[in-house]
There are 2 protein chains.
Amino acid sequence: MSKPLILVSNDDGITSKGIRVLVSVMKKLGDVVVVAPDSPQSGMGHAITIGETLRVEEVEIFDGVKAYKSSGTPADCVKLAKHYVMKDRSPDLIVSGINHGSNTSISVLYSGTMSAAIEGAMEGYPAIGFSLCDFSSKADFSHVEEWVEKITRQVLQKGMTKGIALNVNFPPKQNEKIKGMKICRQADAKWQEEFDERFDPNGRKYLWLAGNFVNYDKGEDNDEWAIANNYVSIVPCQYDLTAHHAITQLNKDWDWEELKS
Amino acid sequence: MSKPLILVSNDDGITSKGIRVLVSVMKKLGDVVVVAPDSPQSGMGHAITIGETLRVEEVEIFDGVKAYKSSGTPADCVKLAKHYVMKDRSPDLIVSGINHGSNTSISVLYSGTMSAAIEGAMEGYPAIGFSLCDFSSKADFSHVEEWVEKITRQVLQKGMTKGIALNVNFPPKQNEKIKGMKICRQADAKWQEEFDERFDPNGRKYLWLAGNFVNYDKGEDNDEWAIANNYVSIVPCQYDLTAHHAITQLNKDWDWEELKS
């Protein structure tokens with residue numbers, strides 16, 4: 001049997017530490033191609049490049065691995081991989097990360113890491129986004145490599161339901177070993193934002209987005225709980241945003257007489 | 001009773017035609033504040049500005065309406081409105097658009113228009129994104145104004161379930177009048193992408209993202225069907241991406257013995 005072909009992308013950029021760790025693990029599991037942004041793209045959500053041009057260029061920075069850097073977003077990179085760089089042979093799996101920082105709870109919506117994985121799922125591929133809940137650019141990834149490998153092996157063996165991408169988050173390195181793994185739901189938490197007001201050398205005002213993450217979720221079946229308790233969290237994510245329960249409700253509650261044409 | 005306070009944003013930028021139409025309708029229904037990007041942000045998905053500064057500045061371009069342009073994304077604009085511009089009085093409703101172009105089906109994931117609405121829902125406000133399925137910058141919006149008003153009145157009267165934002169799409173102007181309105185699910189369709197390869201004056205390669213929208217969905221309860229049949233489509237969208245059905249499945253299918261720590 002031929003080795004699986006694995007596409008690796010991320011949002012911290014092709015020179016980040018996290019993607020090097022991910023590439024090194026994937027090389028044990030299959031043939032690897034990297035298409036990743038040429039610069040950090042954190043917070044890019046599911047942005048794509050429309051109305052502007054894209055660059056993509058081969059680079060030699062991973063031993064024995066074809067790699068391409070792109071001016072585009074993480075979602076662009078997956079599109080570029082499928083429809084341009086890997087036109088002759090489609091990937092069997094798409095992995096993204098390992099992100100320097102948490103993508104639990106609603107952060108999944110802002111996450112470039114997960115947008116690459118979700119774009120992969122939209123294209124019909126099994127897809128996984130990996131994030132380490134440690135924002136440091138020098139974060140220690142040594143405790144997560146075995147987990148990345150185990151989870152990826154499972155997905156390669158068992159496949160993935162159509163329309164699903166996995167959002168995998170790892171607790172930061174601690175004295176205690178990781179306890180295990182939990183399949184979770186997205187926690188009901190949010191960012192409590194503030195804007196830090198400053199003035200530039202010309203006296204013009206500018207702002208920095210700042211804020212704290214606040215967890216309202218008391219459950220023990222969500223990703224925030226898992227990370228706080230030193231478990232690997234896996235949330236299966238879908239790109240069908242329809243709130244199916246709300247369809248019935250709107251049909252019942254709204255005054256349809258007033259809404260006729 | 002005091003008039004409701006309505007925040008208006010968009011992704012085509014504060015000078016676009018669509019936002020002018022939306023502001024003019026909202027002025028009939030409440031007090032209006034505009035916080036919108038200073039330039040087009042199409043395809044920005046749920047991007048936010050991290051690691052870079054933001055500008056926000058008052059502008060006088062709508063008669064009798066406080067308006068602010070921002071260097072940020074649509075999601076940034078909603079955060080800026082809530083936590084900076086409108087600190088003293090929170091909005092009762094957030095509306096976004098009217099987008100020049102369709103945001104049906106999976107386009108909702110790439111949509112800056114909908115990211116403003118979804119950010120609103122994340123902040124706990126009733127929120128609606130409006131889009132006209134006509135990409136022209138000179139698109140005719142005259143047939144949709146009455147619908148924007150009717151839908152907004154319903155939402156102001158009935159409120160909205162927590163965690164839901166409405167994705168409203170209008171068919172383009174046709175000879176036949178709009179037939180009515182349907183509460184829909186997101187269609188199972190996708191973009192079939194291609195990259196158009198060109199060379200710049202220095203001989204360096206660049207690419208344009210191009211492609212066609214392909215609808216695989218044969219149902220009559222989805223947004224693509226509604227628009228194709230000259231109905232207004234309303235999809236209730238949620239920001240909880242958890243694929244709850246997949247949690248049970250992964251717990252059953254995966255080989256948990258191999259996945260122990």
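These numbers were taken from a predicted model, which means no experiment stands behind them. Worth knowing before you read on, the calculation uses all heavy atoms, side chains too, and leaves out hydrogens, waters and symmetry mates. Proteins get letters first, then strands, A, B, ... in listed order; numbering begins at 1 in each.
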- Measuring heavy-atom distances to chain B, does A/E57 have an atom under 4.5 Å in its side chain, in its backbone, in both, or in neither? side chain

- Message: Under a 3.5 Å distance rule, please check whether A/H143 uses its side chain to pair with a backbone N or O of A/P171 as donor and acceptor.
- Response: yes

- If you measure from the Lys or Arg side-chain nitrogens to the Asp or Glu carboxylate oxygens, is any gap between B/R153 and A/E258 under 4.0 Å? no

- Message: Under 4.5 Å from any heavy atom of chain A, what part of B/K79 do you find: side chain, backbone, both or neither?
- Response: both

- Message: Can you tell me which portion of A/L259 sits under 4.5 Å from chain B's heavy atoms? Options are side chain, backbone, both or neither.
- Response: both

- Non-hydrogen atoms of chain B under 4.5 Å away: do they reach the side chain of A/D188, the backbone, both or neither? side chain

- Message: Between B/T49 and chain A, with a heavy-atom cut-off of 4.5 Å, which part of the residue counts as in contact: side chain, backbone, both or neither?
- Response: backbone

- Crowding at NZ, B/K158 (>12 non-hydrogen neighbours, <6.0 Å): yes

- Message: Between A/V155 and B/W254, is there a side-chain heavy-atom distance shorter than 4.5 Å?
- Response: yes

- Message: Has A/S105 got a side-chain atom pairing as donor or acceptor with A/Q186's backbone, closer than 3.5 angstrom?
- Response: no

- Item | Pair B/F135 and B/H100, ring centroids less than 6.0 Å apart | no

- Query: Does a salt bridge link A/D217 with A/R185, judged by any charged N lying under 4.0 Å from a carboxylate O?
  - Reply: yes

- Between A/N222 and A/E224, is there a donor-acceptor pair closer than 3.5 Å when you use the side chain of the first and the backbone of the second? yes

- Task: Please state whether the side chain, the backbone, both or neither of B/E146 comes within less than 4.5 Å of a heavy atom of chain A.
- Result: neither

- Message: Can you tell me which portion of B/K150 sits under 4.5 Å from chain A's heavy atoms? Options are side chain, backbone, both or neither.
- Response: both

- Message: With no hydrogens and no angle check, just 3.5 Å: does a side-chain donor-acceptor pair link B/D11 and B/T113?
- Response: yes

- Message: Please check if the number of heavy atoms outside B/K179 that lie under 6.0 Å from its NZ is greater than 12.
- Response: yes

- Message: Looking at A/E149, I want to see if its CD is surrounded by more than 12 non-hydrogen atoms of other residues, nucleotides or ligands under 6.0 Å.
- Response: yes

- Task: Mind ranking A/M181, A/M122, A/R204 by heavy-atom pairs under 4.5 Å with chain B and telling me who comes out on top?
- Result: A/R204

- Let me know if A/I118 has heavy atoms under 4.5 Å from chain B in its side chain, its backbone, both or neither. side chain

- Checking A/K205 against chain B: side chain, backbone, both or neither under 4.5 Å from a heavy atom? both

- Pick from B/L250, B/L209, B/D255, B/I178: which one has the most heavy-atom pairs with chain A under 4.5 Å? B/D255

- Can you label the angle between the A/H83 ring and the B/F195 ring as parallel, tilted or perpendicular, going by 30° and 60°? tilted

- Measure the spacing between CG of A/N167 and CE of A/M114 and express it to the nearest 0.5 Å. 4.0 Å

- Quick one: of B/I50, B/I48, B/L166, who has the most non-hydrogen atom pairs under 4.5 Å with chain A? B/I48

- Message: Rounded at 0.5 Å granularity, tell me how far OG in A/S71 sits from CG in A/D38.
- Response: 6.0 Å

- Query: In terms of heavy-atom pairs under 4.5 Å with chain A, which of B/M44, B/Q154, B/E52 leads?
  - Reply: B/Q154

- Message: If I take atom CD from residue A/E119 and atom CH2 from residue B/W191, how far apart are they, to the nearest 0.5 angstrom?
- Response: 12.0 Å

- Task: Just give me the residue among A/T73, A/L80, A/D76, A/V56 that pairs up with chain B most often, heavy atom to heavy atom, under 4.5 Å.
- Result: A/L80

- Query: Can you say whether B/Q41 sits under 4.5 Å from chain A via the side chain, the backbone, both, or neither, judging by heavy atoms?
  - Reply: neither

- Using non-hydrogen atoms only, which part of B/K87 is less than 4.5 Å away from chain A: side chain, backbone, both, or neither? neither

- Item | Contacting moiety of A/D200, where chain B heavy atoms sit under 4.5 Å | side chain

- Item | Under 4.5 Å from a heavy atom of chain B, the part of A/K182 involved | neither

- So, the part of B/R198 with a heavy atom under 4.5 Å from chain A: the answer is neither

- Item | Min side-chain heavy-atom separation B/D196-B/Y206 under 4.5 Å | no

- Message: Report, in residue-number order, which members of residues 234-243 of chain B are under 4.5 Å from chain A by heavy-atom distance.
- Response: B/I234, B/V235, B/P236, B/C237, B/Q238, B/Y239, B/D240, B/L241, B/T242, B/A243

- Between B/K177, B/E197, B/E194, which has the largest tally of heavy atom pairs under 4.5 Å with chain A? B/E197

